[in-house]
Student: 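Take a look at this one; I'll ask things after.
Owing to the predicted nature of the structure, the values given are computational and were not obtained by experimental measurement. Numbering starts at 1 and runs along the sequence shown.
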Amino acid sequence: MNKYVTTRRRFLKQTSIGLGLAGLAMTEMSCRMLSHDASGVSIVTFDNDAIASSAPPQWALTQLKQAFESLSVKVRLVSAISQASAGDQVVVVACASNSVAQEIMGGTKITMPTTAEALLLARGTASGRSVLLVSGNDARGLVYALLELTDRLLYSDSLTAALKVNPAIVEQPHNQTRSMCRSFQSEVEDKPWFNDRSFWTEYLSMLAAERFNRFNLCLGLHYNSTPGGSPEVYLFFAYPFLVSLPEHSGVSARNLPAAERDANLQMLKFIGQECARRGLEFQLGLWSHAYTYGAGANYPIDGLSRANHAPYCRDALEAILKAVPEITGVTFRVHSESGVPTGSYDFWKTLFEAFPKAGRILEIDMHGKECYQQHIDAAAATGMRVVVSPKYVSEHQGLPYHEASLRESERSRNPDTTILNGQASRYGYANFLKEHRNFGVLHRIWPGTQRILLWGDPVFAAGFGRASSFCGSVGVEWNEPLSFKGREGSGTPGGRCGYLDATLNPAYDYQKFLYTYRVWGRLLYNPDTDPQTWRRYLAKEFGAATQQPVEDALGNASRVLPLVTMYHAVGVANQVYWPEIYTNIAIVAGGGVLSDNNTLTGASTSFDPQLFLGIDAYAEHLLNGTDFDQNKYFPIEVAQWLEDWANAALSNLAKAKSRAAKPNAPTFRRLKADVAIQGGMGLFFARKFRSAVLWAIYQKTGDADAKTAALAQYDSARQAWSELAAVATPIY
């Protein structure tokens, strides 16, 4: 193989980047008494501080107080520093413009950024007392500051260490919008969490703690268009599942009891209220406006026709927006898969009339595929904020950058380059990033790459944090793990995490991915976050001796599938291409077509043909002696990165297993399995790509040595898959 290898170049420059890990939910390890050398803590707030007195900071202050008390620290709430007990540690909670906050910052020569959502924690002096200032420019920044201190308390070994804060912590957001999307796909799998108020209070608290500022509840993405063979349509066309309108009395979801419909709206109100309490924007995703289904649908829609479809949708949306004033925006799919034919601008103009009637400024967020300027202008005419949200890398999570080109199969779908995007806009940002645009651009990361396995790499997460504001973009929305679980009627009882071993299930499915949420949230907020925000959790959860190998094991494992996705771009659609559950693409002729006309591994192209050279093209250049484009990466390099990451993941996992304080704890067992599986996938794809290169050389030259080497690499790849499958079989 070595005679075909060119000089390797570094693909990613890895720097020391930090991330956080857990939410506010307390682990067994954190719920124990801190060692402390003070009689208690006095928390000072000021009656004239309107920002600190608003609802979100008051909620966060309660979290901080409860954290102190759970650790057996006596807390006193006072309204002046002079009221603090003599032996207490003093924590001053104030907005940045407060005079006491200004005094403390002036004494320490610390400047608070003027950016919205900025936060500050700093030691200083006020009224002759040593104090810790917890501050923010606005309510959300103050929430983040309070929750940062709460997190330090939960994962520090002493009160003194938690309150030391030296040097000062001063942070501001790199991305304006940092959104998390949770999808309702399945009545059997999703009704339990949708109707569980305890779930919502914990889940939304976690999002706030990890510095997401928007939560999107996605409804109607069960199918790409109207359902056919599957009966599952609960909340698909969402309006009649939430409201009943006197002026449209004939419209209803058949088989849905009125009491259940009303309870759904009450739950939506509760979710909105809980978002507002925490300072989160509440986005409602309404992806489907289809109302005619195939035979066997469990909740057919009655009373609609082409004549009353748009007016009903407008009036129902108005009713929902008025019933849930905490809704801050709505996301729509505006092309034909919404159930409304592409180009039906009159429908959208009618629907958008609901927004001014709501009596407040909201955001109209339109999915990028086939979103034309006519859609944008219709939304802008309402006076609302307008955002277009293209897919980051097709329907997958690729690498943390924005590719500069479309592959030819996508380019051919859009021969008229004068229109706004057309079919090509299903792929990425297309030409939405034009200057002087009258809309914002929010990149949406779809869940096609990883859905089940644990993910957590600070290097890649920070890369996404830096890239998400690309060309003035407003930020990013991430479809959380398990997003499409139960889609198209595939839901089954027994928990969304898919474990055969019930002892591995957390209380709520999202808790498996607490590491993932912190990686994303903290590094989307600040790509240069202090590494201690994640490492203090690892040390507490897995033991100080295990922290570094766990970090390195999962970090390396988490890079495998995003690179595989970007390089081996078998299909745009996440329904078809799911690298975690890989449908093998043949190396030799005779295999079936999986997607996008991919029949052979060697012929499969990258999502970014400007950056990566395909396998067959590489072999052709190699054999013909033609010059390589030195700006492209070769399949041999991709294979080497995958192998290096896989080996690093597996070797660090071995270290972690030997040092684990609690090797039988569910958190460690879950991590151990998922790292082993992803490490095995790295070895599988590395060897398969090498085999494909060698086979291409054999096909073009008849070289028997190349044929023998190709078969050996393929056999080795299959062995790697067999070993990772053996890990997964008793668990999933």
Student: For F282, give me all partners under ring pair (Phe, Tyr, Trp, His ring centres under 6.0 Å), at least two apart in sequence or on another chain.
Tutor: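 F282 satisfies ring pair (Phe, Tyr, Trp, His ring centres under 6.0 Å) with no residue once adjacent residues are dropped.
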
Student: If you measure from the Lys or Arg side-chain nitrogens to the Asp or Glu carboxylate oxygens, is any gap between R522 and E148 under 4.0 Å?
Tutor: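 E148 and R522: salt-bridged.
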
Student: My understanding is that only residues two or more places apart in sequence, or in another chain, count here; which of them pass side chain to side chain contact (heavy atoms under 4.5 Å, CB included) with A80?
Tutor: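 A80 satisfies side chain to side chain contact (heavy atoms under 4.5 Å, CB included) with S82, Q83 only.
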
Student: Under a 4.0 Å N-O cut-off, is there an ion pair linking D528 with R466?
Tutor: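 Judged by the 4.0 Å cut-off on N to carboxylate O distance, D528 and R466 do form a salt bridge.
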
Student: Here's a test for you: under side chain to side chain donor-acceptor pair (under 3.5 Å), which of E363, E281, Q176 qualifies with R214?
Tutor: E363

Student: Sorted by first residue and then second, give each side chain to side chain donor-acceptor pair (under 3.5 Å) pair with at least one member in residues 42-51; sequence neighbours left out.
Tutor: S42-D88

Student: Within the 4.5 Å heavy-atom criterion, are R76 and S85 side-chain neighbours or not?
Tutor: yes

Student: Do F215 and W200 have ring centres separated by under 6.0 Å?
Tutor: yes

Student: Just jot down the salt bridge (charged side-chain N to carboxylate O under 4.0 Å, His left out) partners of K164, sequence neighbours excluded, or say none.
Tutor: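 Partners of K164 by the salt bridge (charged side-chain N to carboxylate O under 4.0 Å, His left out) criterion come out as none, since no residue qualifies.
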
Student: Just so I know, are the side chains of L268 and I320 near enough to count as touching, which here means a heavy-atom distance under 4.5 Å?
Tutor: yes

Student: Strictly by ring-ring contact (aromatic ring centres under 6.0 Å, His included), give each pair with a member in residues 73-112 just once, sequence neighbours left out.
Tutor: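 The answer is none; no pair qualifies.
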
Student: Please work out which of the three classes, parallel, tilted or perpendicular, describes the rings of F212 and Y517, given edges at 30° and 60°.
Tutor: perpendicular

Student: Apply side chain to side chain donor-acceptor pair (under 3.5 Å) to T111 and list each qualifying residue two or more places apart in sequence or on a separate chain.
Tutor: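 So T111 forms no side chain to side chain donor-acceptor pair (under 3.5 Å) with any residue.
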
Student: Mind checking salt bridge (charged side-chain N to carboxylate O under 4.0 Å, His left out) for E403 and listing every partner two or more places apart, or none if nothing turns up?
Tutor: none

Student: For A461, enumerate each residue passing the side chain to side chain contact (heavy atoms under 4.5 Å, CB included) test, keeping only those at least two apart in sequence or located in another chain.
Tutor: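 Testing A461 for side chain to side chain contact (heavy atoms under 4.5 Å, CB included), a comparison that skips the adjacent residues, returns W455, V519, L523.
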
Student: Could D365 and R385 be called an ion pair, given the rule that one side-chain N must be under 4.0 Å from one carboxylate O?
Tutor: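 The answer is no: the pair does not qualify as a salt bridge.
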
Student: Between Q283 and S179, does a side-chain contact (heavy atoms from CB on, under 4.5 Å) hold up when you go through it step by step?
Tutor: CA-CA 9 Å; Q283 192 84 3; S179 183; 5.6 Å; no

Student: Is K357 salt-bridged to E353, cutoff N-O under 4.0 Å?
Tutor: no

Student: Can you name the residues that form a salt bridge (charged side-chain N to carboxylate O under 4.0 Å, His left out) with E480, not counting sequence neighbours?
Tutor: R182

Student: Using the ring pair (Phe, Tyr, Trp, His ring centres under 6.0 Å) criterion, which residues pair with F46? Sequence neighbours excluded.
Tutor: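 By the ring pair (Phe, Tyr, Trp, His ring centres under 6.0 Å) rule, F46 matches no residue at all.
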
Student: Rounded to the nearest 0.5 Å, what separation is found between the CG atom of N98 and the CG atom of L133?
Tutor: 8.5 Å

Student: Aromatic contact between Y429 and Y392, with the criterion being ring centroids under 6.0 Å apart: yes or no?
Tutor: no

Student: Any side-chain heavy atom of I445 sitting closer than 4.5 Å to one from H396?
Tutor: no

Student: For residues 116-134, which residue pairs pass the side chain to side chain donor-acceptor pair (under 3.5 Å) check, not counting sequence neighbours?
Tutor: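 Pairs touching residues 116-134 that pass the test: E117-R140, E117-R178, E117-N213, R123-S130.
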
Student: Go through it in stages, so that I can follow the logic: the residues are L286 and L284, the test is side-chain contact (heavy atoms from CB on, under 4.5 Å), and I'd like the CA-CA distance, side-chain angles, deciding distance and then a yes or no.
Tutor: CA-CA 6 Å; L286 298 173; L284 181 63; 4.1 Å; yes

Student: Contact between V334 and M366 at the side-chain level, heavy atoms closer than 4.5 Å - yes or no?
Tutor: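 The answer is yes; the side chains approach within 4.5 Å.
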
Student: Sequence neighbours excluded, which residues qualify as salt bridge (charged side-chain N to carboxylate O under 4.0 Å, His left out) partners of E395?
Tutor: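 E395 satisfies salt bridge (charged side-chain N to carboxylate O under 4.0 Å, His left out) with K391 once adjacent residues are dropped.
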
